[in-house]
Amino acid sequence: MKNKILSNFYELFKLDVKKQIEYKSAFYFDIIASILRFFVIKFLWEFIFKLVGESTIRGFMLEEMIFYVACSFACIPLLRIHAVQKVEREIQTSKINVWFTKPINYLNFIKMSSITISFFYFCINFSFFLILAYIFLPSIQISILNILMFLVMSIAIYFVILNIKSMVALIAFWTTSVWGINYFVTQIIFVFSGGLVPLTFFPDNVVTILKYLPFYYMNYSAVSILLFGSDLNFFIKSISILLIFGFIVRLLLNKFYKHAIKKLDGLGG
Amino acid sequence: MCIDSDKVIVVEDIFKEFKVPKDDNKLSWIKKKLKYFYREWESKTVVDNINFSIKKGDIVGYLGANGAGKSTSIKMLTGILTPTSGKIKVLNRFEPVKDREEYVKHIGVVFGQRSSLVYDIPVIDSYNLFRVMYEIDKKTFEERFNYFIKILKVEHLINVPYRKLSLGERMRFEIIAAFLHKPEIVFLDEPTIGLDASAKKIVRKFLKTINKEDNVTIIITTHDMDDIEDLCKNIIFIDKGCVLYDGSLLNFKKKYSDWRTLNINYKKIYNKENLDNLLLGFNSVTRDNQNNTIRLQVASNQDINLFLKQLLDVLEIADIEIAPPRLEDVVEGIYEKSN
């Protein structure tokens, strides 16, 4: 059974990578956009620091702040879960009917497709970010250990986001369109995990609440570990909280899926 | 449920209703104004207690007008939709929805208007995914795949991205995907939609061949009655969610048509006015003045000798043919009565 899932995943992975490479222009423009974004963030924060006239804002020096925000944006592919658009589109066009006649678990199938696409674009964005940070942020020194810890954290974060977003995707079985819900959830995760600005910008009581949720241990903790390093205890605590939360969402997701497939009405002839 | 080993599909009293938004005309004035914020729903019966069974190795035509409930029942038979009530037993052991993941390994499905192949990449890559999904060993896969692409004449297209193929080529690849894992039953929902005459011929020939070789049961829904006449001995006719007819195609024609088709090819018209008057007494008269042909339906109880005598007085006949009713005309008659 496990062997079959792995073979399915490997074939899907190959297929999805081929699909991405088939449209080379999207691939190249994604690289250009990630470079452009880096410089926009750099100039914006240089201007803010000049305006404030301080060497640190909320505990971050200029280059640290640029590194933090640019890295958070480079991680956006982990938030863009392909499953949501895929399920929504397939329900609207009733292409979903075709997949229900194949010997696969549709939920696993959409998750597998999402993993390839997210990591494909994450790898591109993150690699280019590291190169640009190395060239344009000389005061930032990051160790291989920090990168490894960050990547492990990213996988745990992705596990949580993938399950939350798959749940959003399944809402399409009732509502047909989930564009608005997806946008809302994406913004909530991005902002409250410190994607836009570090969580040190938030009021203390909000941060305290966020510590009881996985948000604190998502983008903010991961990028901080990459930037400043971390003691092993905090790293293990973050990973554990993310995994526990991820498993709870996964459990709910599986229950939700059983209800969702009964709602399928296979639109059209 | 009584199981007969010869029957691969047994359907008992399946009923399906959907919730649909209530018709505007049935809403009060205030509810009409509020319809963008608040919706009232009502139940609509799509499949109404249908019963039938299908024998192993048969090619069965599953017919009906648009909205008659064909596609909904096919979706229930393939495990996509859950019936509101009723029982479906397939291959003597599967309940389509309950056993879906195991059951679909034994069936193939083509939805004529939805593709199962990946749009962006060469078709061969999609088949490699299906090979893994259906756990087909490499040798069998290669043998069957090479055989199918040869019969369907698409050998030269396997490395072309799906999006670059014509409609006919796409459909042939869809059909290959449905038969590749040697299914016991294949459901074809409008498999020849939009195909040209030559592509239709190739597809029909393939279906006949594979039906004979694999003894695969094929259920075909289509609006192209030539497909049915060419492929099916038996049909199931659905009207307004109910089974109107379940039996042989020959008996269907006998039961629902009380006419014969007369095809007349003439050289010259002696008296146009008399001809017009003579044809007035017939239904469904098609005249082609350019090709000098007349096609008309003659009722079974009508005296054809008398009519031919009268016809010879007004026309110089070159050729005449009395044909059994065309399925298309029979079906059209049923649709008209039903409407």
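Each chain gets a letter, A, B and so on, in the order the sequences are listed, and its residues count up from 1. None of the values given here were measured: they were computed from a predicted structure.
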Can you measure from NZ (K102(A)) to CD1 (I107(B)) and round to the nearest 0.5 angstrom?
-> 9.5 Å
Under a 4.5 Å heavy-atom criterion, the part of residues 116-131 of chain B in contact with chain A comprises S116(B), L117(B), V118(B), Y119(B), D120(B), I121(B), D125(B), S126(B), N128(B), L129(B), F130(B)
Using a cut-off of under 4.5 Å on heavy-atom pairs, state which of T221(B), V132(B), T72(B), V109(B) scores highest against chain A.
-> V132(B)
Show every donor-acceptor pair shorter than 3.5 Å between a side-chain atom in residues 153-168 of chain A and any protein atom, with sequence neighbours excluded, or say none if there are none.
from, atom 1, to, atom 2, distance (Å)
S154(A), OG, F150(A), O, 2.8
Y158(A), OH, S114(A), O, 3.1
Y158(A), OH, I115(A), N, 3.4
Y158(A), OH, S118(A), OG, 2.8
N163(A), OD1, K111(A), NZ, 3.1
N163(A), ND2, F159(A), O, 2.8
K165(A), NZ, L79(A), O, 2.9
K165(A), NZ, N182(A), OD1, 3.1
K165(A), NZ, T186(A), OG1, 2.9
S166(A), OG, L162(A), O, 2.6

Any pair counted as ring-ring contact (aromatic ring centres under 6.0 Å, His included), so long as it reaches residues 69-89 of chain B, sequence neighbours left out = none
Any donor-acceptor pair under 3.5 Å linking the side chain of R114(B) with the backbone of T93(A)?
-> yes
Under 4.5 Å to a heavy atom of chain A? For E190(B) that would be neither
Does a sphere of radius 6.0 Å around CZ in R250(A) hold more than 12 heavy atoms from other residues, nucleotides or ligands, not counting ones at 6.0 Å or beyond?
-> no
Which atom of F111(B) lies closest to which atom of T101(A), heavy atoms considered = CE1-CG2, 4.2 Å
What's the spacing between I261(A) CD1 and T82(B) OG1 if we round to 0.5 Å?
-> 7.5 Å
For Y134(A), does the OH atom have more than 12 heavy-atom neighbours from other residues, nucleotides or ligands under 6.0 Å away?
-> no
Would you mind checking which part of P96(B) comes under 4.5 Å of any heavy atom in chain A, side chain (CB onward), backbone (N, CA, C, O), both or neither?
-> neither
Qualifying residues under salt bridge (charged side-chain N to carboxylate O under 4.0 Å, His left out), relative to D13(B), sequence neighbours excluded | none
Between the side chain of R100(B) and the main-chain N/O of N105(A), is any donor-acceptor distance below 3.5 Å?
-> no
Give a yes or no on this: more than 12 heavy atoms of other residues, nucleotides or ligands lie within 6.0 Å of atom CZ of F13(A).
-> no
Heavy-atom closest pair, residues P103(A) and E101(B) = CB-O, 3.7 Å
